[in-house]
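Structure first, commentary second.
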Amino acid sequence: YAACRVGEAMVAHADMTQATRLAELLDAYAEAGGGTVRGVRQSATRDASPELHSSYHGTGPELYERSDFRAGIGELVKRGLSLDTWQYYHQLPALIDLARAFPDLRILVDHVGGIAGLGAHAGRHDEIFPVWRGHIRALAGLPNVWMKLGGLGMSTSGFDYGGAAPSSETVAAIWQP
């Protein structure tokens with residue numbers, strides 16, 4: 001085996017709405033991680049369907065639109081840290097706005113932008129896909145945004161694999177286009 005370099009980079013979690021405490025936490029991560037902490041992951045999934053995971057509750061603007069959240073972004077930018085995001089497809093406009101407002105922030109869009117296929121979204125892939133695709137195209141035009149491909153197979157996407165472990169061909173057919 002060749003030399004293996006495991007754990008050279010980590011993404012931490014922090015409540016980005018706590019800007020006054022965030023600086024201290026990020027500094028502690030940097031010290032404890034010995035330079036391996038490269039970013040923060042903040043989930044903003046929110047949907048009225050109880051079948052879907054919601055990490056952010058409450059009324060009002062999307063998490064990525066809130067002023068207290070955006071105040072925390074400055075701490076990431078100052079340290080050169082990235083932001084990993086998870087939201088559903090219908091929340092992507094808030095992420096697009098965030099990426100445009102903070103061009104120096106590296107943003108990683110987790111779970112292929114959050115296609116939802118459960119609850120109120122079930123059986124609507126033909127309707128949802130064009131909306132999702134439009135948002136993804138807008139994100140693709142932003143130089144500070146990267147897409148993480150994992151997550152399309154999560155149960156929240158609502159793809160039906162028929163109960164058995166599907167072949168690669170079956171997965172490719174189900175995930176088309």
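If you take CD on Gln176 and CZ on Phe129, they are separated by 10.0 Å, rounding to the nearest 0.5 Å. The CG atom of Leu98 lies 6.5 Å from the CG atom of Leu83; values are rounded to the nearest 0.5 Å. Taking CZ of Arg46 as the reference point, atom CD of Gln87 lies at 12.5 Å (rounded to 0.5 Å). Atom OG1 in Thr36 sits 9.0 Å away from atom CD in Glu8 (nearest 0.5 Å).
Between Ile174 and Val171, every side-chain heavy-atom pair lies at or beyond the 4.5 Å cut-off. Counting heavy atoms from C-beta outward, Trp132 and His90 have side chains that stay 4.5 Å or more apart. Residues Lys148 and Asp84 are in side-chain contact: their nearest non-hydrogen atoms beyond the backbone lie under 4.5 Å apart. Side-chain contact between Ile128 and Val131: absent, with no pair of heavy atoms (C-beta onward) separated by less than 4.5 Å. Within the 4.5 Å cutoff, the side chain of Leu92 has heavy atoms near those of the Ile136 side chain. Contact of the Tyr64 side chain with the Thr85 side chain is registered, since non-hydrogen atoms from C-beta on lie closer than 4.5 Å.
Using a 4.0 Å cut-off between charged side-chain N and carboxylate O, Arg21 and Glu24 make no salt bridge.
Follow the hydrophobic side-chain contacts under 4.5 Å out from Met147 and you reach Leu142 in the same cluster. Under a hydrophobic clustering in which Ile, Leu, Val, Met, Phe, Trp and Tyr are joined whenever their side-chain heavy atoms come within less than 4.5 Å, directly or via other members, Trp146 and Val40 fall into different clusters.
One N or O on the side chain of Tyr29 and one on the backbone of His13 form a donor-acceptor pair closer than 3.5 Å. With hydrogens and angles disregarded, no donor-acceptor distance shorter than 3.5 Å links the side chain of Thr17 to the backbone of Asp68. Using a distance-only test at 3.5 Å, with no hydrogens or angles considered, a donor-acceptor pair links the side chain of Glu65 to the main chain of Glu62. Between the side chain of Ser49 and the backbone N or O of Leu52 there is no donor-acceptor pair closer than 3.5 Å.
A ring-centre distance under 6.0 Å is found for Trp86 and His53.
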Residues 102-119, side-chain donor-acceptor partners within the protein, below 3.5 Å, at least two apart:
{"residue": "Arg106", "atom": "NH1", "partner": "Gly80", "partner atom": "O", "Å": "3.2"}
{"residue": "Arg106", "atom": "NH2", "partner": "Gly80", "partner atom": "O", "Å": "2.9"}
{"residue": "Asp110", "atom": "OD2", "partner": "Arg41", "partner atom": "NE", "Å": "3.0"}
{"residue": "His111", "atom": "NE2", "partner": "Arg41", "partner atom": "NH2", "Å": "3.0"}

Compile the donor-acceptor pairs under 3.5 Å between side chains in residues 153-163 and protein atoms, sequence neighbours left out, one pair per line.
{"residue": "Ser157", "atom": "OG", "partner": "Leu152", "partner atom": "O", "Å": "3.0"}
{"residue": "Asp160", "atom": "OD1", "partner": "Gly162", "partner atom": "N", "Å": "2.9"}
{"residue": "Tyr161", "atom": "OH", "partner": "Trp175", "partner atom": "NE1", "Å": "2.9"}

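Partners of Arg79 by side chain to side chain contact (heavy atoms under 4.5 Å, CB included), not counting sequence neighbours, listed by chain and number: Ala23, Leu26, Asp27, Glu75, Leu81.
Across Val145 and Ala99, no two heavy atoms sit closer than the pair CG2-CB, 3.8 Å.
Using modelled atom types and a 3.5 Å distance limit, the side chains of Thr45 and Ser55 yield a donor-acceptor pair. In the model, Tyr88 has no side-chain atom that pairs as donor or acceptor with a side-chain atom of His121 under 3.5 Å.
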Practice item. Decide yes or no on side chain to side chain contact (heavy atoms under 4.5 Å, CB included) for Leu22 and Met16, but give the supporting numbers first. Key: CA-CA 7 Å; Leu22 186 60; Met16 297 293 297; 3.8 Å; yes
